[in-house]
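We count ligands from 1, going down the list as the structure has it; atoms in each ligand are counted the same way. Any value given below was found using the heavy atoms of this structure, including those in side chains, with hydrogens, waters and symmetry copies removed. Throughout, numbering of the chain's residues begins at 1 and tracks the sequence.
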Amino acid sequence: MKNKQLKLILVSTPIGYLGSGKGGGVELTIISLVKGLIFLGHKIILIAPKGSKLPFESELLEIRLIDGIDQPSWQHQKRTDPILIPSKSVLPSLWEDVIDIADQSDAVINFAYDWLPLWLTKTKVIKIFHLISMGDESIIMREIINEISQLFPLQLAFHTKIQSKDYSLKTDPTIVGNGFDMENYFFNENVNGPLGWAGRIAPEKGLEDAVKVANSLDEKLLVWGLKEDIEYASKIENSFKKEIIEWRGFLPTNEFQEQLGQCRALINTPKWNEAYGNVIVEAMACGVPVIAYDLGGPGELIQDGFNGFLVKPNDIEGLIKATKSISEIKRNNCRNWFEKNATNKVFAERVESWVNKGLNKKSLQTFKIN
Ligand code: HBI
């Protein structure tokens, strides 16, 4: 093992158990990172809501399940909303468990986009590293993230630079990207497949734009993802000829990647500052080029003309034009980009160096005091 073994506590999102799909991209991030950190030889304690399960076991992994009511999602609250902690909330219970066992660990990594764990950092009771999983969705979250950035700059990380720019931080935060288990994705060289779209079915994901592209090319669109906003989904369906959308549902990774790999392109249409864009990397891992609005994470992951095309946000004509030229993209470029930048091993190495830098800073401080 390259570096000293770390004992790390990873704390999951409180908006649904791991495997429910309610945590969106964070679920995949946590599962991939745990596997990557274990591959590097580190000891992991994962604290997550009851019902959480991982698709693998390891003697280096302990999972602690905590009961409680889901936290309301910031994606469905207003920017000006106060912090809401429902009674019997799982959020404080998760962090009470962390506090109970924190002395057995070198560091804690928080994946929740919530005020409580960020505020806890200020008490210095435990050393918490935060991987922020969204753009700026709430005023009170923006304030506490800015505070932590000033007080504990080495303990804050984002998936992409463009996501971190949302917060106009005074100090440059650590950017760790994201990563997915290479063994779960198989390269598919088929260039004549259908068009695909994947993500939580909700307004901020802009599915209607991709359907307009399929409609104008008079072909179907395969759609994967949790139907989070039912009336949004049916509103789209009712404004087009029924047969355009082929709903494939929220599938486990192995089935999802097998189907996704058959597409000649994935169309990605974020209407918000997407922090990263997991599905974009999953598509590339299968050799599927991505056509995406140049907004948020996708704008940083896609190299226009190399592993996909970037289009001005909301430019449907631009999406259609790019779709017609997608055969210019070599599918190998997509897979190679993934192997170099976004496997869970590469991601785990970036997280490992982020945490080590933060921990060494502490020893540096004690050294100074002595
Ligand atoms: N809302 N309160 C809260 N906490 C989270 O951790 C959270 C969320 N909304 C969405 C979300 N996490 C994830 O789906 C995204 O960060 C990807």
Side-chain angles (χ1 to χ4, degrees), residues 10-33 46-49 52 66 68-86 89-95 98 108-121 128-145 148 156-160 162-164 166-167 176-180 198-206 225-229 250 268 270-282 295-298 301 347:
L10 273 60
V11 191
S12 185
T13 171
I15 66 164
Y17 63 83
L18 279 178
S20 68
K22 285 162 70 180
V26 176
E27 291 192 28
L28 200 53
T29 297
I30 294 170
I31 294 169
S32 305
L33 181 58
L46 174 65
I47 302 182
S52 296
I66 307 293
I69 304 294
D70 289 358
Q71 193 59 23
S73 169
W74 274 111
Q75 277 157 342
H76 309 137
Q77 290 179 271
K78 292 193 300 299
R79 277 187 66 69
T80 50
D81 277 354
I83 298 296
L84 294 175
I85 304 248
S89 163
V90 72
L91 182 63
S93 307
L94 286 167
W95 286 91
V98 176
V108 177
I109 307 180
N110 167 50
F111 294 85
Y113 188 82
D114 285 284
W115 182 87
L116 182 67
L118 281 153
W119 179 82
L120 258 177
T121 318
I128 313 176
F129 290 77
H130 302 278
L131 177 44
I132 305 297
S133 62
M134 286 202 275
D136 172 14
E137 293 296 312
S138 132
I139 291 173
I140 190 153
M141 284 300 291
R142 180 189 184 85
E143 287 167 358
I144 190 75
I145 287 170
I148 298 305
L156 206 55
F158 293 78
H159 287 297
T160 59
I162 197 155
Q163 173 206 359
S164 72
D166 237 16
Y167 295 92
V176 292
N178 209 327
F180 307 97
R200 264 178 315 100
I201 319 286
E204 65 269 14
K205 299 282 187 177
L226 183 74
K227 258 193 200 173
E228 192 174 81
D229 187 328
F250 175 74
N268 186 262
K271 299 286 182 180
W272 67 323
N273 184 12
E274 185 81 53
Y276 187 74
N278 289 351
V279 292
I280 288 177
V281 174
E282 294 185 280
L295 186 68
L301 301 173
F347 179 38

Students should be able to answer this: which protein heavy-atom is nearest to [atom], and at what distance?
atom                    : answer
atom 9 (N) of ligand 1  : Ser73 OG, 2.9 Å
atom 1 (N) of ligand 1  : Trp74 N, 3.0 Å
atom 14 (O) of ligand 1 : Gly23 O, 2.8 Å
atom 4 (N) of ligand 1  : Asp114 OD2, 2.7 Å
atom 10 (C) of ligand 1 : Gln75 OE1, 3.3 Å
atom 15 (C) of ligand 1 : Met134 CG, 3.7 Å

Glu27 and Lys22 ion-paired at < 4.0 Å =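 Lys22 and Glu27: not salt-bridged.
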Please report the shortest heavy-atom distance between [X] and [Y], naming the atom on each side.
X      : Y      : answer
Leu295 : Pro270 : CD2-O, 3.3 Å
Gln163 : Met134 : NE2-O, 3.0 Å
Gly177 : His159 : O-ND1, 2.7 Å

query = Is there a donor-acceptor contact under 3.5 Å from the side chain of Arg200 to the main chain of Asp229?
reply = no
Ligand 1 N/O within reach of [X] N/O, cut-off under 3.5 Å:
X      : value
Ile15  : no
Val26  : no
Gln71  : no
Ser133 : yes

query = Could you give the distance from OG (Ser20) to CZ (Phe250), rounded to the nearest 0.5 Å?
reply = 7.5 Å
Using a 4.0 Å cut-off to any heavy atom of [X], which atoms of ligand 1 qualify?
X      : answer
Thr13  : 5 (C), 6 (O), 7 (C), 12 (N)
Ala112 : 6 (O)
Pro14  : 6 (O)

If the test is side chain to side chain contact (heavy atoms under 4.5 Å, CB included), which one of [options] qualifies with [X]?
X     : options                      : answer
Gln77 : Pro82, Pro72, Ser138         : Pro72
Trp95 : Ile47, Ile128, Val90         : Ile128
Leu94 : Val11, Asp114, Thr13, Leu116 : Val11

Ligand 1-proximal atoms of Pro72, by part, heavy-atom distance under 4.0 Å =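 Backbone only.
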